[in-house]
Visitor: 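Okay, here's the structure, questions in a sec.
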Amino acid sequence: MQQSISFPSATVNYLFQVPFEALWKNYDKEHAVIITNEPVARLYAPLFKGLKTLVIPAGESSKDLRTIESLAKSLLQMEATRSTLLIGVGGGVITDITGFLASAYMRGVPFGFVPTTLLGMVDAAIGGKNGVNLGMNKNMLGTITQPQFILSDTRFLDTLPDDEWSNGFAEIIKYACVFDGDLFDELSAHNIAWYRAQDGTALSGLIEKCVAWKNKTVMEDEKEKGIRKLLNFGHTAAHAIENLYELPHGKAVAIGMVIACMVSVQVAGLDKGVTEKLKNLLSSYHLPVRINLNAAKAIEVLKMDKKRHDDMIDYIVLEKIGRGAVHTLPLTVIENALVAYESNS
């Protein structure tokens with residue numbers, strides 16, 4: 001299925017359930033450069049045969065300015081110009097790096113994404129945010145620039161490790177929490193094994209539903225001045241602990257959502273039972289709800305969160321399942337929640 005979505009800054013062509021090879025019907029492979037990681041390059045070598053390809057190590061440690069500089073130098077050596085199309089084939093790290101590099105190289109070249117992870121398909125590749133880390137601080141350098149296209153080929157999920165399935169479902173659960181109570185009920189009635197055992201229709205429908213929620217939000221608020229902040233549910237604490245504990249993004253978000261529910265009970269009147277319902281759902285998708293947290297270290301990283309304004313921070317809370325809200329809270333409220341979480345670990 002093909003669908004064009006117009007954002008304030010650009011129109012993105014979405015290609016759902018389209019094989020990677022079909023990309024070349026619309027785009028010139030002679031002017032394309034693939035950016036991917038070592039596992040994807042190894043597993044899908046036949047797909048990249050005859051294509052100009054740059055390969056980097058997998059993992060969050062590659063998501064920094066050193067990698068951007070190395071890739072930019074490689075593009076110069078390849079004599080890449082402003083008409084070169086960069087295509088990120090991989091998970092969230094790859095799409096972030098590709099989008100950031102394309103936004104900066106020669107002050108902007110076209111780019112597109114082929115997410116190969118569930119997390120990438122439902123969230124990371126969508127919305128135009130592209131960034132790299134600065135030390136322990138997540139996505140401190142970046143742009144909001146839309147890709148020309150996003151191709152979703154679920155065949156890539158056939159080789160996805162079990163842990164990566166769980167990571168992707170963390171973001172799906174996030175959408176259910178802030179936007180869609182019916183989706184929360186659907187997820188509660190099933191599990192990863194059920195979605196993987198279906199003929200593909202259920203999973204494809206789930207991916208498209210999440211993409212629709214994110215696109216609707218980004219169309220209203222592309223630059224994240226208001227409603228787009230809802231997509232950060234669970235991410236404030238997650239970004240503080242992700243690099244500290246070398247946790248995969250989805251697992252960090254799961255912990256972050258539990259902490260956000262604790263805050264929501266305090267400031268938004270959330271029923272305490274919702275926290276337990278969320279914990280049960282996360283556990284059923286093999287996501288953690290507890291870690292041995294050093295609150296003091298997490299607080300130090302939290303102080304550099306992009307949503308902070310002096311001693312206040314824009315924080316996403318739940319009013320009920322399916323309805324999130326943005327509250328501007330004293331930073332001390334979040335710090336106290338981290339301390340309370342640590343004491344209960």
Side-chain angles (χ1 to χ4, degrees), residues 58-66 91-93 96 119 124 131-142 163-164 166-167 169-171 173-174 177 229 231-268 270 272 274-276 278-283 285-318 327-345:
E60 193 76 13
S61 61
S62 290
K63 194 174 154 181
D64 60 18
L65 285 175
R66 290 173 299 179
V93 170
D96 257 329
L119 193 152
V132 295
N133 302 333
L134 201 57
M136 286 287 180
N137 301 109
K138 287 276 294 179
N139 302 322
M140 291 301 288
L141 302 173
D163 263 6
E164 287 300 327
S166 295
N167 280 324
F169 270 98
E171 293 288 359
I173 291 168
K174 174 197 75 177
C177 285
K229 293 176 184 178
L231 297 169
N232 291 311
F233 177 64
H235 284 60
T236 301
H239 286 169
I241 65 177
E242 186 173 344
N243 286 346
L244 274 175
Y245 295 96
E246 297 183 349
L247 280 178
H249 181 70
K251 292 186 177 182
V253 169
I255 300 295
M257 288 191 286
V258 172
I259 294 170
C261 279
M262 294 169 57
V263 175
S264 300
V265 170
Q266 179 184 349
V267 305
L270 181 69
K272 290 182 180 180
V274 171
T275 304
E276 293 307 310
L278 177 59
K279 285 181 179 180
N280 291 336
L281 182 59
L282 292 169
S283 296
Y285 283 85
H286 310 299
L287 289 160
V289 297
R290 298 226 63 84
I291 59 167
N292 292 320
L293 178 69
N294 184 318
K297 288 183 178 180
I299 288 166
E300 284 305 306
V301 179
L302 180 69
K303 288 178 179 177
M304 292 308 299
D305 190 278
K306 298 183 293 298
K307 299 178 292 300
R308 177 187 171 190
H309 315 282
D310 297 323
D311 293 328
M312 308 294 285
I313 190 167
D314 292 334
Y315 195 80
I316 315 310
V317 298
L318 286 190
H327 284 207
T328 301
L329 301 174
L331 195 61
T332 52
V333 171
I334 316 306
E335 293 173 351
N336 291 340
L338 290 169
V339 171
Y341 181 91
E342 177 187 27
S343 66
N344 291 326
S345 295

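All values below were derived from every heavy atom in this structure, side-chain atoms included, with hydrogens, water molecules and symmetry-related copies excluded. Just so it is clear, the structure is predicted and the values come from calculations on it, not from any experiment.
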Visitor: Do Val263 and Leu329 come within less than 4.5 Å of each other through their side chains, counting heavy atoms only?
Guide: yes

Visitor: Find out whether Leu287 and Lys251 are in side-chain contact, i.e. whether some heavy atom of one side chain is under 4.5 Å from a heavy atom of the other.
Guide: yes

Visitor: Would you name the heavy atoms of Ala237 and Gly256 that are closest together and state the gap between them?
Guide: CB-CA, 4.0 Å

Visitor: Roughly how far, to the nearest 0.5 Å, is CG of Leu278 from OG of Ser283?
Guide: 9.0 Å

Visitor: Kindly determine whether Ile316 and Thr236 satisfy side chain to side chain contact (heavy atoms under 4.5 Å, CB included), including the steps that lead there.
Guide: CA-CA 8 Å; Ile316 315 310; Thr236 301; 5.9 Å; no

Visitor: For Asn167 and His249, does a side-chain donor sit closer than 3.5 Å to a side-chain acceptor?
Guide: no

Visitor: Is it the case that over 12 heavy atoms from other parts of the model lie below 6.0 angstrom from the NZ atom of Lys297?
Guide: no

Visitor: After noting the C-alpha distance and the side-chain angles of Ile313 and Val333, does the key distance pass the side chain to side chain contact (heavy atoms under 4.5 Å, CB included) rule?
Guide: CA-CA 10 Å; Ile313 190 167; Val333 171; over 6 Å; no

Visitor: Looking only at heavy atoms, what is the nearest atom pair of Met262 and Ala337, with distance?
Guide: CE-O, 3.7 Å

Visitor: Is any NZ, NE, NH1 or NH2 atom of the basic residue among Lys174 and Glu171 found under 4.0 Å from an Asp or Glu carboxylate oxygen of the other?
Guide: yes

Visitor: Enter the distance from Lys303:NZ to Asp311:CG here, rounded to the nearest 0.5 Å.
Guide: 9.5 Å

Visitor: Minimum heavy-atom separation for Gly59 to Val93, with atom names?
Guide: O-CG1, 3.7 Å

Visitor: So, the side chain of Asp310 versus the backbone of Met312: is there a donor-acceptor pair under 3.5 Å, distance only?
Guide: no

Visitor: Is the shortest heavy-atom distance from the side chain of Asp163 to the side chain of Pro248 under 4.5 Å?
Guide: no

Visitor: Between atom CG of Asp314 and atom CG of Asn232, what is the distance when rounded to the nearest 0.5 Å?
Guide: 9.5 Å

Visitor: What's the shortest heavy-atom distance between Gly234 and Ala260, and which atoms?
Guide: N-CB, 4.4 Å

Visitor: Restricting to non-hydrogen atoms, name the atom on Val317 and the atom on Ala268 that form the minimum distance, rounded to 0.1 Å.
Guide: CG2-CB, 3.8 Å

Visitor: Yes or no on side chain to side chain contact (heavy atoms under 4.5 Å, CB included) for Leu293 and Tyr245, after CA distance, side-chain angles and deciding distance?
Guide: CA-CA 9 Å; Leu293 178 69; Tyr245 295 96; 3.9 Å; yes

Visitor: How about Asp305 and Leu331: do any of their side-chain heavy atoms sit closer than 4.5 Å?
Guide: no

Visitor: Which atoms form the tightest heavy-atom contact between Lys63 and Gly131, and what is the distance?
Guide: CE-O, 3.1 Å

Visitor: Does Asp96 reach the main-chain N or O of Val132 with its side chain, forming a donor-acceptor pair under 3.5 Å?
Guide: no

Visitor: With side chains defined as the heavy atoms from C-beta onward, is the minimum distance between Asn133 and Asn139 less than 4.5 Å?
Guide: yes

Visitor: Measure the spacing between CD of Glu246 and CD1 of Ile241 and express it to the nearest 0.5 Å.
Guide: 13.0 Å

Visitor: Would you mind telling me which of His235, Glu60, His239 makes a side-chain hydrogen bond (donor to acceptor under 3.5 Å, both in side chains) with Lys138?
Guide: Glu60

Visitor: List the steps, then state whether side chain to side chain donor-acceptor pair (under 3.5 Å) holds for Lys306 with Asn137.
Guide: CA-CA 9 Å; Lys306 298 183 293 298; Asn137 301 109; over 6 Å; no

Visitor: Measuring from atom SG of Cys177 to atom CG of Leu318, what distance do you get when rounded to the nearest 0.5 angstrom?
Guide: 5.5 Å

Visitor: Compare all side-chain heavy atoms of Phe233 with those of Met257 and state whether any distance is below 4.5 angstrom.
Guide: yes

Visitor: Can you tell me how far CE of Met140 sits from CE of Met304, rounded to the nearest 0.5 angstrom?
Guide: 4.5 Å

Visitor: Is any side-chain heavy atom of Tyr341 less than 4.5 Å from a side-chain heavy atom of Arg290?
Guide: yes

